[in-house]
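Below, each value reflects all heavy atoms present in this structure, side chains not excepted, and no hydrogens, waters or symmetry copies. Remember, it's 1-based here, ligands and their atoms both numbered in the order they're listed. Only a predicted model underlies this, so the values are computations on that prediction, with no experimental measurement involved. Note that the numbering runs from 1 along the sequence shown for the chain.
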Amino acid sequence: MTRTLLLSAAVFVAACGASETPSHDEPGKTLVPAMPAGYGSAMVVAANPYASEAGAEVLRAGGSAVDAAVAVQAVLGLVEPQSSGLGGGAFMVLHDPETNAVWAYDGRETAPASATESLFLGEDGEPLRYFDAIASGRSTGAPGAVAMLGMAHSDYGKLDWADTLEPAVELAEAGFVVSPRMANLVARMGAFVLHDDANARDYFFVDGDKAKPIGEGFVRDNPAYAETLRAIQKNPRALLEGPLAQAIIDKAREEPRAGALTLADLAAYRPNKHEALCSTYRDYRLCSAPPPSSGGVGVQAILGALEPLDMSATGPDTVLGWHRFIEASQLGYADRDRYVGDAAFVDVPTDAMLDKDYLASRSALIDPEAALATYTAGELGVAGADSTREVPGTSHFTIVDANGLIVSMTTTVEAPFGSQRMVGGFMLNNQLTDFAFRPVDAEGRPAANRVQPGKRPRSSMAPHIVFAPDGSLAFTTGSPGGNSILAYTAKTVVGMVDWGLSPQDAIQLPNVIARNGRVRLEAKGLPEEETDEPQRAGPAQEFGMDPAIIDGLEALGHEVVRSKGEISGLHIIALDDGALVGGADPRREGTVEEVRR
Ligand code: GLU
């Protein structure tokens, strides 16, 4: 418990709200759910126990869900630097119970003003080797997560901005115990280039020795991080102007593969605030971030193709249920891959992608007896075929405060440890590798997600808030996992809406990622030697798919790759009979913290 927050009164004020019939807006437009009445408790679910506890501490001190989000992000950047942090970007979806507005805050990074379409092409005109592009200065965009939180805090903060950062300052000074997952990733990335950066070398390796990555249980302090937070306490834009901005520029401009980010690029950075992208699934309303994330439109397109089908009649133990999920995913991903980019730069046919008649026509393509031979995007625009690659880093957390303010936020430095470069105690992002490296496809058509100056790269992050038929909160959901985020997240919606599962059971459904004709799925009891993709293997899991169902899917013609474990990090808060119920993904290290009044 921090000094500052102990001084604040731990008071929850229950908000009372009138009930209101939900509107029936068109897909793609913001939908207005009824006002919730406030809850008897508050809740935080985040990917690391220190982060969940920091959020809970802020809630106990009378902070709002946004205050708690600032605390959670600041602690995550310290204890889970492989996934997100001060140097990264994020999308936050928020429901305001007083106005019924659903907002999408966009803290996505931007490309430098000098960036060209050939940012990730070598002198031969061919794309750079993927990891070379990641581990470079070219991959770093102007960071947006902190500025975005500053914007959300000025809208919805109740505590002082500086106080919300205090738990992280104190933890950085006192030191934290390195988690198994962080230790594992330091050891794995240490074998590549993490060690090449002088700051990262001193921080992540004992005595700077490459052979000695800090291990699980190591107590790591981070005075530089505390100092950075102190600067941010004084100015939420401290990373975008002044000495920290200069330090970011200097680091991004180091060789090899120096970047071109300038102070002017950082000073020009602005977070955005849009109406959330909302559509319906059966009687539920789903709200998420609009482009430049493809997560919201992608998840909602997958679900839209399932809507005409009776999924509740074909549960998680049936071949037909998963066959339908797979086919809807293949079709949804095809549209998402082709059409989504930054809507400030390219025409993204979001409304057309979520049009109910269009989605019914996609659904009608699904043959219950056989997998389709090919999965092509619908004719919705002029964008060329997409070549974007994405690797999984990232963190998802969700918070509901006792007044009913709801936050669902996904946050990322992109690859594990971002660009592998460290400054001010935090990692620089490599978010710009989320652009398509090839600006045009084989037919010369420009890709929607090509690099353009000042543009935000396409994301897959899909933080969702789902509202029940009466307009109250049904549940929040979202996950890390690169482009698998769409599949992970859609699975939880089907699990909870169609199959009546609890948040935890929905999270523990097998992950099934069907994209580009292939189906990668978690298989139950798979011995290590039978794992088709050992590099994806996580801890042995008991909740994979039954072999008999996998056999049934193969008999329908699906090309199945068996995965021993996916790295989803699904975090959910549901409202069940007036009580908040959380779920945390056992594939990562997340915890649920409930704060009772
Ligand atoms: N950078 C990716 C995105 O914004 C996320 C990567 C991940 O989830 O691991 O979609």
Side-chain angles (χ1 to χ4, degrees), residues 47 76-77 80-85 87-93 104-111 120 130-131 133-135 139-145 148 181-182 185 188-189 272 288-299 333 336-337 340-342 386 388-397 408-420 427-437 448-449 451 455-464 477-490 511 513 515 535-536 538 566-571 585 587-588 590:
L76 284 174
E80 203 198 25
Q82 67 271 20
S83 297
S84 76
F91 292 96
M92 173 198 275
V93 181
Y105 290 90
D106 168 350
R108 189 69 165 167
E109 296 87 337
T110 52
F120 294 115
Y130 192 46
F131 197 72
I134 288 172
S139 65
T140 300
M148 181 201 85
R181 186 173 160 75
M182 176 175 164
L185 281 158
R188 281 168 51 191
M189 300 310 284
N272 288 327
S288 188
S293 190
S294 64
V297 63
V299 167
Y333 269 111
R336 166 267 184 202
D337 288 353
V340 184
D342 184 348
D386 178 61
T388 311
R389 296 175 62 179
E390 291 152 273
V391 293
T394 310
S395 205
H396 177 78
F397 65 84
S408 183
M409 174 164 158
T410 316
T411 175
T412 184
V413 287
E414 218 299 291
F417 304 103
S419 72
Q420 319 295 302
M427 304 307 301
L428 295 190
N429 72 79
N430 67 294
Q431 214 66 242
L432 302 188
T433 60
D434 268 0
F435 281 118
F437 285 18
N449 189 34
V451 183
K455 190 180 181 182
R456 285 157 150 88
R458 184 184 72 200
S459 172
S460 297
M461 294 191 279
H464 269 83
T477 185
S479 180
N483 59 40
S484 303
I485 289 172
L486 279 63
Y488 298 156
T489 305
N511 279 316
I513 304 95
R515 178 168 176 261
Q535 72 275 19
R536 296 199 66 84
E566 286 293 316
I567 41 173
S568 57
L570 288 154
H571 293 143
D585 200 327
R587 299 168 184 87
R588 297 205 184 199

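Of the listed options G569, S460, P292, S460 places a heavy atom closest to atom 10 (O) of ligand 1. The heavy atom nearest to atom 4 (O) of ligand 1, considering only S84, S459, G295, S568, is found in S459.
Of all the heavy atoms of R458, none lies under 4.0 Å from any atom of ligand 1, so neither backbone nor side chain is involved. With a 4.0 Å cut-off on non-hydrogen atoms, R456 does not touch ligand 1 at all. Of all the heavy atoms of N483, none lies under 4.0 Å from any atom of ligand 1, so neither backbone nor side chain is involved.
Listed by chain and number, the residues in a side chain to side chain contact (heavy atoms under 4.5 Å, CB included) with S419 are S139, T140, R421, L428, N430 (sequence neighbours excluded).
Between D386 and R458, at least one side-chain nitrogen of the basic residue sits less than 4.0 Å from a carboxylate oxygen of the acidic one, meeting the salt-bridge criterion. The pair D585-R587 counts as a salt bridge, with a side-chain nitrogen and a carboxylate oxygen less than 4.0 angstrom apart.
The minimum heavy-atom distance between K455 and F435, with the atom names listed, is O-CZ, 3.5 Å.
Close approach of ligand 1 to D434 is summarised as follows: ligand atoms under 4.0 Å from at least one heavy atom of the residue are 1 (N), 2 (C), 3 (C), 4 (O), 10 (O). For ligand 1 and I485, the ligand atoms under 4.0 Å from any heavy atom of the residue are 8 (O). Under a 4.0 Å criterion applied to the non-hydrogen atoms of T394, ligand 1 contributes the atoms 5 (C), 6 (C), 7 (C), 8 (O), 9 (O). Residue contact check: G482 has heavy atoms under 4.0 Å from atoms 6 (C), 7 (C), 8 (O), 9 (O) of ligand 1.
Between the side chains of R588 and S395, no donor-acceptor pair of N or O atoms lies under 3.5 Å.
For G481, a nitrogen or oxygen atom sits less than 3.5 Å from a nitrogen or oxygen atom of ligand 1, counting backbone and side chain alike. Taking distance alone, with nitrogen or oxygen atoms compared against 3.5 Å, P480 stays at or beyond that limit from ligand 1.
The main-chain N or O of S459 is found under 3.5 Å from a side-chain atom of S294 such that the two form a donor-acceptor pair. Looking at E109, its side chain does come within 3.5 Å of a backbone N or O of G89 through a donor-acceptor pair.
Results of the salt bridge (charged side-chain N to carboxylate O under 4.0 Å, His left out) test with R456 over D434, D342, D106 single out D106 as the only residue that passes.
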